[in-house]
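Let me begin by presenting the structure, written as structure tokens, before commenting on it.
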Amino acid sequence: MAADLETRLRLARPADGEPTAEATARALRAFSRRRRGRGRSAVAWVTRTPRGRLLGVAVLLAAGGTGVAATLLPGGGGRATPVSRGAITAEWGPAFAVAPVFPRGQIPKPVAGMDPSGAVLVAWSRGRRIEVRRRPPDGPWGPTTRLSGIGVGTARPEVAFADGGRAAVVVWRERMGGRVIRRVLRLPDGSVAGVIQRRVGTRYVVVARRWSATGGWGPRVQVSPDSSGNRRDMSDLAVLGRPNGAFLIAWPHAGRIQTRTLRADGGLGDPQEVTPPRAGEVSEPVLADRGGTPLVVFAHRERPVWSHDGAVMASAADGPGWEPPVRLGTGLALNERPVVAARGSRILVAWTSRSTGTPMGIVVSEHAGGTWSPQVRISSPRREAYSPGAGFDRAGTAVASWSVGAATQVSTRAPGGAWTAPAGVSRAGLTGAYSPEANPVASTGDGDLVLALGTRGGLRVADWRGGRLGGPVTAAGSTGWQFGYSGIAAAPTGSAALLMTTFSEDGAGISVTIREPAGLGRDKEAG
Amino acid sequence: MTTPRRSLLCIATLALAGVAGCGGTDAPAQQATPSAWRTPELQPPTTPPAAARIAGLPGGRVVAVWATRPGGTPSRLLSAIREADGTWGAPRQVAPREPVPRTGVRVTANRRGQAIASWALWDRPSGAVFAFTQTATMAADGTWGPTQTLSRGTNGLAETGVAHLDDGTAMVVWSGSERRDGSYHPGSKAALRVRGRWQAGRVIGDGQRYQLAAAAVPSTRSIVTTWERFDGNTKRRLMSQTWRSRGGWTPPRAVSGPSDRPQEMTTAANPAGWIIAAWGGGGRGLHIAHRSPTGGWGTPRTLLSSGYLQGLTASLGDDGTAVITATIWRGATRPVRLEAWTVTANGAPSRTVLSRTRIGTGPGNRPSLPSYSSAVNLTAGGGAAVAWAGPTQPQDRSTPVITVTPLDGSAPTTVPTTGDGVVGAIRLTGTRDGAELLEWEVQVLTGNRTETYRASRP
């Protein structure tokens, strides 16, 4: 029993403050005991159950998180396959486990992308290696492919498509070198007090592998020109599909955002940098396409501590380089990533702000007509809001969603109009404990939006079409608990994919549920 | 054996946040014209940081010990000796580089010029679950001996305490949860080094406390430890127990009152064997107790009958004169005060209000306590001064000046800080020839680094 207790204590704090397997199990047990049917509406549920609000805030503090739109959007320069619009009425298929259950203590942090034809690419880091799995539009899922070498120590990957889905890329940070220090500690009587073993002197680099429909996976390419010994560098990556099958990759390094183009032939362009006007730490880059010009949005804070709110900066490409960054607003909470939506030359950036003199809320800034608008708070000034999502529909209406404790709310702004009052659309907040930065508003690429909404124990999805939000449908009955959202992607075909991190007593896993036009092979996944 | 005259005993501390109290007097009006501070100078990176722990050596020298871990590299434990003229020597390695951090560094020295350091070595690079108590001894020539591990994995270990007698007898104390009887129990432990050999740690109390301490009493060749007895949230008491070279351990005794329920506690000791303990908080004010080298613990005294505390520090001079500093507040609408008390073993306490301010507004419109950094310097002649900076609100970007306030009523002086950053730890010390040295750290906002500055005056 003592050994068990010691083991539990020693395993109690995995790196980076991730919840332990025990904490996950406890939450699962508590969740399974919770009774359903308590709420009447989103707001009523919050009002009657203050614990729900506390739970939401706790999850937010533990996980944080907003989203990356660009990486989940279809790549630039592609041509959508014409498909009957009626296909969007297709139902969501069963959840498919794309990866086996992870060992206890390992938390998958998957990412997914969908190309214009509806093909899905899922990537994750497992046991210090990067693995991917692809599903063509007509299914079924292909085999798992390991992209990284053995024992290189990888972090969470990012994926993107280009050339209409005929090219894809997976980028990740890889560990290089270092040595292991092993120290045996002995008590005065000579007995062993403990052993400390750690790797030191490690360097990090950004690497990528291209995929093409004709050639499959290409060789590993080191994208970053320099390595870094700072673990915070290159921990957040962004990638954007560009015309002619190229990809633009961005990462933070030594207080600057570095970018580089991975060309279709596998070659690399010259590295470029975005340098903030004041020194500090940059993080959370997001890439978007603003009318054919790349745009990078990132966080900048002078000190990486809780009391120093981050500024949201944006810089547009200027020829081969970047323009001086523009400060969009402040208050970005630590470890939160802004959400970016793009349509033509319009850009909408939303983030979780906590320094507006009110409870944490959702703040947006919009780029239209060549200028950025001042930051505006669109969530209630009286309630804590988190997990923003953003998108544009074909009429140019900006759609933003966020969570308030135990509800998901939506606000819209028609061109030339003002933001509408928040409306509750779901009975639970949408929180992704392990992939918190996945934008819950996915663009189909042709003007429709698909919104992921939270439920208590599962996930719901609603379509935004013709300026209206359709009725939410349950896409996943249960992810183990309500915090399993990991991403959503959509395509002009009407296909959409919902990425989930699942939890069970045995461990965590990765599942994807897909909605696609009828007859495109969903039946192949049964069983 | 001679007893060198020490010009100072200083404990530099970082005092965080504080708020309003009642009564008391503001800093006395100007009575004398102090000499001016020289222009602050940026110190090279090899200089001990202001947060380094220091101990006085014979001849007016000082030894500093500190841990470093720049940029995720292996942690280093370094020491440096400051000569009597105030110049720091080159750093020396105290213990091998380790891939994990060290915290809770303490150092003390005996009258032979030997020093002993203790610290907690984490079991992982961040968020330690277990830590190991370690110690090393410095010979009179400045060389450090091998590192000795004293504890098996201790959960919650963050601080250590150490005491050193002239004959080499030493004690290291720590607290945390260790495995005992098939489970983990919070407690405080002490390990003794007698005749050159370290003994296994011994449980001295069932409480767990960060501010535990050990103090050597040369006149009786004994070592006194203090810790917190913890019988539940409402039954916390500061305890003390003595180990004598002849006779072993005495039974523990309570130092704090039965109803004090302290939230903040601190202790300080000097080489002569004086100990000062201060505790309070939780709205129950501030209390102290003195222990003389020969007379044992005195009756606890109350400095404040009510109020909340933060950043409680205690410093002791050679003659047992103590200076207590704390940030005091009594509610969101009352001013916050940084205060200092000068306390002798038997005389009436003297109180000085160093600064007062309002509670600020932090993120989310929530009340936010301002923070102060402070350090105390006590001279052999009985003089005392407090160097302090603040108040600093969480969103502040810089601290404009450091104020040095003598506690004898002399006029305060100010030293402008340099650079775009907030003042962190401060160290105020004196040299044998009577000069004062003010060293401080600036957490530079542009570049996320720390710089050390130094100013002096004759």
* To do: Give the minimum heavy-atom separation between B/Leu150 and A/Pro188, together with the two atoms involved.
  => CD2-CG, 4.1 Å

* Asked: Which bit of A/Arg186 comes within less than 4.5 Å of chain B, counting heavy atoms only: side chain, backbone, both or neither?
  -> backbone

* B/Pro96 side chain reached by A/Arg183 side chain, heavy atoms, under 4.5 Å -> yes

* Asked: Out of curiosity, B/Gln199 CD to A/Asp189 CG, how far, rounded to the nearest 0.5 Å?
  -> 12.0 Å

* Structure fact -> For B/Ser151 and A/Ala193, the nearest pair of non-hydrogen atoms, with its separation, is O-CB, 3.7 Å

* Asked: Checking B/Gln134 against chain A: side chain, backbone, both or neither under 4.5 Å from a heavy atom?
  -> side chain

* Asked: Can you say whether A/Val180 sits under 4.5 Å from chain B via the side chain, the backbone, both, or neither, judging by heavy atoms?
  -> neither

* Structure fact -> Nearest heavy-atom contact between B/Arg152 and A/Val192 is NH1-O, 2.7 Å

* **Per-residue contact mode, B/Thr147 against chain A (heavy atom under 4.5 angstrom)** => neither

* Worked verdict on B/Phe132 versus A/Ile196 for side chain to side chain contact (heavy atoms under 4.5 Å, CB included) -> CA-CA 10 Å; B/Phe132 304 91; A/Ile196 292 174; 4.0 Å; yes

* Region of A/Ser191 that comes under 4.5 Å of a non-hydrogen atom in chain B -> side chain

* **Portion of A/Leu185 that has a non-hydrogen atom of chain B nearer than 4.5 angstrom** => both

* To do: Would you give the length of the straight line joining atom CZ of B/Arg124 to atom CZ of A/Arg198, rounded to the nearest 0.5 angstrom?
  => 6.5 Å

